[in-house]
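Values reported hereafter were calculated over all heavy atoms of this structure, with side chains retained and with hydrogens, waters and symmetry mates removed. Just so it is clear: chains get the letters A, B, ... in the order the sequence lines come, proteins before strands, and each one is counted from 1.
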Number of protein chains: 2
Amino acid sequence: MNTLDSPFRSQKQRLDDREAKRQAVLRAATQMFNERGFHATSLEDVAASLDISKPTIYHYLGNKDQVLLECVSFGLEQLQEAAETARKQPGTGIDRLRSFLQRYAEINMDDFGRCVIRTGDETLSPDSRRRFRSLKRKIDKAMRELIEEGIADGSIACTDAKLLAFTLAGALNWPARWHEAGGKQSAKEVARHMVDVLTQGFAPR
Amino acid sequence: MNTLDSPFRSQKQRLDDREAKRQAVLRAATQMFNERGFHATSLEDVAASLDISKPTIYHYLGNKDQVLLECVSFGLEQLQEAAETARKQPGTGIDRLRSFLQRYAEINMDDFGRCVIRTGDETLSPDSRRRFRSLKRKIDKAMRELIEEGIADGSIACTDAKLLAFTLAGALNWPARWHEAGGKQSAKEVARHMVDVLTQGFAPR
DNA sequence: ACTATTATATACTCATGAGTATATTTTATG
DNA sequence: CATAAAATATACTCATGAGTATATAATAGT
């Protein structure tokens, strides 16, 4: 099998190639959306940043709405994975929840996660919006279930799992707005600290 | 002095009139921005919702950017007031902080406060953005000071006031995205519950 | 009554940017 | 090789919506 740099690529290689280009477009788009906002970013800008032309983007992706949908879907997939990983872990409910929250926060400081947070539902077309919402609801549900498991085993103190989930999500979404990659504290540090604060509360124990 | 409905209004009355109209425009704009998003809302839409024409809006406000800036400024003023009120209150640091947080959350579920949260910095022109950021920084600073006072008097347990402020703000900003006026729980209830959770943490005591 | 000012509307201009028609080149395969 | 398919570009169209020029009615002040 030809793994060297022959000019004749296998079909798989070509498909991978295509996929890599799609990804590159999405990555570039995500970064620009995050910096300037979706509406202030034209696909021409995105194309230019990759030294390609606008129609090339349309060759790989249907339209601007779809570009955005894929960007956020990617972020939401990462979150979904994080939830599944946490679910499988050993330990008490609170341990699993904390481990999820840690990862959740980290993802929200990364390109695609940030995009999820910074994208308002209204930005997407009605169809995409439904998808977007439905994916977000899944994450929310996963978080709620982790909480409920913790309540059940007594490791979490809480009277309203839904509201707790919103509270935690809100706190851990916010860094998507203010944290910047090169900052003093790494995403990991920020996440850890926030999760601790949320766990303990700010009233002395 | 003529306080009845004479057709001859005093200068003050006329100024008030003008101000009332400005306010009406801002209120209508805020609501539409919150629902559809800034970019999906044309000033023509806003005008139509008030049964006036677009140039009338331009008669009262310079341009769309300014409309948005005034909307968010209004929300930020409310938050500023809340901060000042809390500062003046008696009690320990944690009491004053909690009282601020309560009000903070409530405002964020109201038209103008919501607009503050839902408006990304990138949405505004560079000049307005600077104003917007500077006003937000003030609120953040106020929250941080309340926290520091609480740390000083031992009523708040915290090692990083800045990060705690971000954490609390994030959690209490989030309802601007999901809470709706006619929902099951009133803004006040949601706020109270969230503040409690944040105070106590979710680890059993 | 006469003029200036304020409030409002109609009917434009103009830039931007999404999306496309079409041409061209490269790559793959019978 | 010849032809089909994929990749890329140039150069358009076209809708939208911000902002304006201009007209008119109402109100205020002289």
Side-chain angles (χ1 to χ4, degrees), chain A residues 2 5-26 28-29 32-33 36-71 122-128, chain B residues 2 5-26 28-29 32-33 36-71 122-128:
Chain A
N2 182 2
D5 58 346
S6 150
F8 302 95
R9 283 157 301 149
S10 71
Q11 179 153 10
K12 181 179 184 310
Q13 278 174 320
R14 270 181 285 119
L15 279 175
D16 287 356
D17 227 50
R18 192 185 164 85
E19 189 51 29
K21 287 179 187 171
R22 254 178 80 99
Q23 289 291 330
V25 170
L26 293 178
M32 282 186 132
F33 292 162
R36 320 181 178 182
F38 177 76
H39 290 285
T41 305
S42 76
L43 288 189
E44 222 148 60
D45 293 338
V46 176
S49 83
L50 292 165
D51 274 306
I52 59 175
S53 71
K54 182 169 53 157
T56 298
I57 292 185
Y58 281 90
H59 182 67
Y60 291 98
L61 294 150
N63 55 30
K64 201 185 175 188
D65 177 67
Q66 201 191 326
V67 172
L68 180 56
L69 179 62
E70 301 241 352
C71 289
E122 342 77 49
T123 314
L124 290 154
S125 72
D127 279 352
S128 303
Chain B
N2 182 1
D5 57 346
S6 148
F8 302 96
R9 282 157 303 147
S10 71
Q11 178 152 11
K12 179 177 185 313
Q13 279 173 321
R14 270 180 286 119
L15 279 175
D16 286 358
D17 226 50
R18 192 185 164 87
E19 189 50 30
K21 287 178 188 171
R22 254 177 81 101
Q23 289 290 330
V25 170
L26 292 178
M32 281 187 134
F33 292 162
R36 321 181 177 180
F38 177 76
H39 290 284
T41 304
S42 75
L43 288 189
E44 220 148 63
D45 292 337
V46 176
S49 83
L50 292 165
D51 274 306
I52 60 177
S53 72
K54 180 169 54 157
T56 298
I57 292 184
Y58 280 90
H59 182 68
Y60 292 99
L61 294 150
N63 56 30
K64 202 184 176 189
D65 176 68
Q66 200 192 328
V67 172
L68 180 56
L69 179 61
E70 301 240 352
C71 290
E122 343 76 51
T123 314
L124 289 154
S125 72
D127 279 351
S128 304

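At whole-Å resolution of the value, CG in A/L43 and C1' in C/dT16 are 13 Å apart. What separates CE of A/M32 from C1' of C/dG17 is a distance of 14 Å, to the nearest Å. The interatomic distance linking A/L50 (CG) with D/dA9 (P) rounds to 11 Å, in whole Å. Atom-to-atom, CG of B/D17 to C1' of D/dA28 comes out at 14 Å; the value is rounded to the nearest Å. In this structure, CG of B/L61 is placed 12 Å from P of D/dG19, rounded to the nearest angstrom. At whole-Å resolution of the value, CZ in A/F38 and P in C/dG17 are 12 Å apart. A/Y58 has its OH atom 13 Å from the P atom of C/dA21, to the nearest Å. C/dT16 atom C1' lies 13 Å from atom NZ of B/K64, rounded to whole Å.
Here the CG-CG distance, from A/L68 to A/L124, works out to 4.5 Å after rounding to the nearest 0.5 Å. Here the CG atom belonging to B/D65 is positioned 6.5 Å from the CZ atom belonging to B/F38, to the nearest 0.5 angstrom. Note: B/T123 OG1 to B/H39 NE2 = 5.0 Å, rounded to the nearest 0.5 Å.
Heavy atoms only, all atoms of each residue included: B/L26 and B/V67 are closest at CD2-O, 3.8 Å.
Taking the nucleotide of DNA chain C with the nearest heavy atom to each of A/G62 and A/A40, the more 5' of the two is matched to A/A40.
Under the 4.5 Å side-chain criterion, counting only non-hydrogen atoms from C-beta, A/V25 is not in contact with A/E70.
Taking 4.0 angstrom as the limit, A/R18 places none of its side-chain polar atoms (N or O) nearer than this to OP1 or OP2 of D/dA6.
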Listing, residues 49-60 of chain A side-chain donor-acceptor contacts under 3.5 Å, not counting sequence neighbours, or none:
residue, atom, partner, partner atom, Å
A/S49, OG, A/V46, O, 2.8
A/S53, OG, A/T56, OG1, 3.4

Would you tabulate the nitrogen or oxygen pairs shorter than 3.5 Å linking the protein to nucleotides 8-14 of chain C?
residue, atom, partner, partner atom, Å
C/dT8, OP1, B/K21, NZ, 3.2
C/dT8, OP2, B/Y60, OH, 2.6
C/dA9, OP2, B/S53, N, 2.7
C/dA9, OP2, B/S53, OG, 2.7
C/dA9, OP2, B/T56, OG1, 2.7

